[in-house]
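I have placed the structure first, in the form of structure tokens, so that the comments after it can refer back to it.
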Amino acid sequence: MSEDVRMGPVRLIQGIEVPSFFYGTAWKEERTETLVLAAIEAGFRAVDTANQRRHYYEEGVGHALSKVLGEGRLKRGELFLQSKFTYAASQDHRLPYDPDADYATQVDQSFSSSLQHLGADYLDSYILHGPSLGQGLAEADREVWRAMERLCKAGSVRLIGVSNIGEDQLRLLIEFAEIKPTFVQNRCFARTQWDAGVRGLCAEHGIVYQGFSLLTANASELNRPVMDQVVKRHGCTKAQAVFRFALQLGMIPLTGTSDPEHMKQDLSVYDFAFNADEIAMIENVAA
């Protein structure tokens, strides 16, 4: 993939056009509908959510989509919708499935619930919200992945992936999977050179890395003089610098900003670029 394609507003991944910048909807609660509408108005065409009422209001995303699509502002094919299956241990009492059912049934019930919430008949991407264990892969993870593969084979989901996963766990999943993950979505820390180990494994296997908490997870590092230098040189904000850097590393960044002005600023990061020295400076900002 050429640098131009990778860093433009749209990437071609397995023959599918995927926006290169996602709007994340965690922790928005009653503001979810309004903020998703604002993000779409600003130009975002990819929305990330999860069927995990504890941290997401997936139905609120659906309300926004219903307005946008119902008014004819966009067609379904112009939006990229990504949701997640979340284990019961990471949910609250508002479960989208029967917790006593087998894992394959839980996946099917959660997925059907997501389609209903979003008013959709397919998802562009479906993510396992995280392995069931902190280390290794359990039989539960294998059952869930097989169920996700079946959704993919049936055409209900176009691409599948996994979130909140360590390097060793990802190796195990790659070895096990019939359909390899297209995406890995992780919280991305500057102190680990922006999740260098996982990103390297992703690059080795053609997996696209999605980075979240790029700003909130790195508040102290972003206050270092190196960041002030690149921001001043390019006349950009620190948020713009981080998102531009992420794009140039080959990541798909997520932003969850609640500020419509910041949404527009975030999407203007295609208007400038860092040179190799600047990329190295930011990559090692925590050193």
Side-chain angles (χ1 to χ4, degrees), residues 7 20-29 31 35 39 42 44 48 50 52 54-56 84 90 127 129-131 134-135 162-170 183-203 208-287:
M7 296 189 301
S20 61
F21 206 155
F22 283 22
Y23 185 69
T25 60
W27 309 298
K28 303 290 190 285
E29 284 299 318
R31 300 178 301 154
L35 291 173
F44 281 94
D48 171 85
Q52 180 205 33
R54 180 179 176 186
H55 295 313
Y56 292 81
K84 308 180 189 78
S90 297
I127 303 288
H129 210 162
Q135 302 285 331
V162 62
S163 183
N164 301 303
I165 193 167
E167 186 177 350
D168 291 342
Q169 291 174 308
L170 181 57
F183 298 117
V184 163
Q185 185 192 105
N186 273 2
R187 181 175 279 108
C188 193
F189 292 99
R191 65 174 179 267
T192 60
Q193 284 193 305
W194 309 89
D195 210 6
V198 172
R199 286 193 297 107
L201 188 57
C202 286
V208 178
Y209 184 96
Q210 299 179 8
F212 71 92
S213 293
L214 289 160
L215 305 180
T216 53
N218 302 302
S220 61
E221 288 84 0
L222 299 185
N223 280 325
R224 299 197 176 174
V226 164
M227 295 304 300
D228 293 327
Q229 291 172 30
V230 295
V231 162
K232 185 175 181 181
R233 192 176 301 156
H234 289 274
C236 62
T237 67
K238 284 185 181 177
Q240 288 174 317
V242 171
F243 293 137
R244 180 65 209 181
F245 162 77
L247 287 170
Q248 288 189 237
L249 284 190
M251 281 189 215
I252 289 178
L254 282 80
T255 180
T257 181
S258 300
D259 185 326
E261 189 56 39
H262 289 168
M263 293 174 185
K264 293 174 188 172
Q265 288 176 359
D266 293 348
L267 287 174
S268 71
V269 294
Y270 302 101
D271 299 338
F272 68 98
F274 293 129
N275 62 36
D277 288 341
E278 291 167 330
I279 291 291
M281 286 166 63
I282 301 173
E283 199 160 12
N284 295 288
V285 69

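Values below: all heavy atoms of this structure, side chains included; hydrogens, waters and symmetry mates excluded.
Taking 4.5 Å as the limit, every side-chain heavy atom of Val231 sits out of range of all side-chain heavy atoms of Asp228. In this structure, the side chains of Arg187 and Thr216 stay at 4.5 Å or more apart for every pair of heavy atoms. In this structure, Glu278 and Phe245 have side chains that are not in contact, with every pair of non-hydrogen atoms separated by 4.5 Å or more. Counting heavy atoms from C-beta outward, Phe212 and Ser163 have side chains that approach closer than 4.5 Å. Side-chain atoms of Lys238 and Leu215, non-hydrogen and from C-beta on, never get closer than 4.5 Å to each other. A 4.5 Å side-chain heavy-atom check between Glu221 and Arg191 finds at least one atom pair inside the cut-off. A heavy-atom distance below 4.5 Å is not found between the side chains of Leu254 and Phe21.
Going from atom CD of Glu283 over to atom CZ of Arg199 covers 5.5 Å, rounded to the nearest 0.5 Å. How far CZ of Phe22 is from CZ of Phe183: 5.0 Å, rounded to the nearest 0.5 Å. To the nearest 0.5 Å, atom CZ of residue Arg244 and atom CZ of residue Phe274 are 8.0 Å apart. Atoms CG and CG, from Leu214 and Leu222 in turn, are 9.0 Å apart once rounded to the nearest 0.5 Å. Considering OG1 of Thr237 and CZ of Phe243, their distance stands at 8.5 Å, rounded to 0.5 Å. Rounding to the nearest 0.5 angstrom, the gap separating the CG atom in Leu35 from the CE atom in Met263 is 5.0 Å.
Ala241 approaches Met227 most closely through the heavy-atom pair CB-CE, 4.0 Å. Contact detail for Leu170 and Cys202: the closest heavy-atom pair is CD2-SG, 4.0 Å. In terms of heavy atoms, Ser213 sits closest to Asn218 at O-ND2, 3.9 Å. Shortest non-hydrogen contact noted between Ala239 and Asp266 is CB-OD1, 4.3 Å. Minimum heavy-atom separation, Val184 to Val198: CG1-CG1, 3.9 Å.
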Practice task
Decide yes or no on side-chain hydrogen bond (donor to acceptor under 3.5 Å, both in side chains) for Ser268 and Gln240, but give the supporting numbers first.
Solution key: CA-CA 8 Å; Ser268 71; Gln240 288 174 317; 2.9 Å; yes
Problem - Verdict with supporting geometry, Tyr23 and Asp48, side-chain hydrogen bond (donor to acceptor under 3.5 Å, both in side chains) - result: CA-CA 6 Å; Tyr23 185 69; Asp48 171 85; over 6 Å; no
Practice task
Kindly determine whether Ser20 and Tyr270 satisfy side-chain contact (heavy atoms from CB on, under 4.5 Å), including the steps that lead there.
Solution key: CA-CA 10 Å; Ser20 61; Tyr270 302 101; 2.7 Å; yes
Exercise for the section: Begin with the C-alpha distance, continue with both residues' side-chain angles, and end with the deciding distance and a verdict on side-chain contact (heavy atoms from CB on, under 4.5 Å) for Val285 and Trp194. Expected result: CA-CA 10 Å; Val285 69; Trp194 309 89; 4.1 Å; yes
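Remark: side-chain polar atoms of Lys28 are paired, donor with acceptor, to backbone N or O of Ala26 under 3.5 angstrom. For Gln210 (side chain) and Pro253 (main-chain N/O), no donor-acceptor pair under 3.5 Å exists by modelled atom type. When atom types are taken as modelled, the side chain of Arg224 and the backbone of Ala286 share a donor-acceptor pair closer than 3.5 angstrom. Within the 3.5 Å criterion, the main-chain N or O of His129 finds a donor-acceptor partner in the side chain of Asn164. Of the possible donor and acceptor atoms, none in the side chain of Asp195 sits under 3.5 Å from a partner among the backbone N and O of Cys188.
Side-chain polar atoms of Ser258 and Arg31 form a donor-acceptor pair below 3.5 angstrom. A side-chain donor from one of Gln193 and Asn284 sits under 3.5 Å from a side-chain acceptor of the other.
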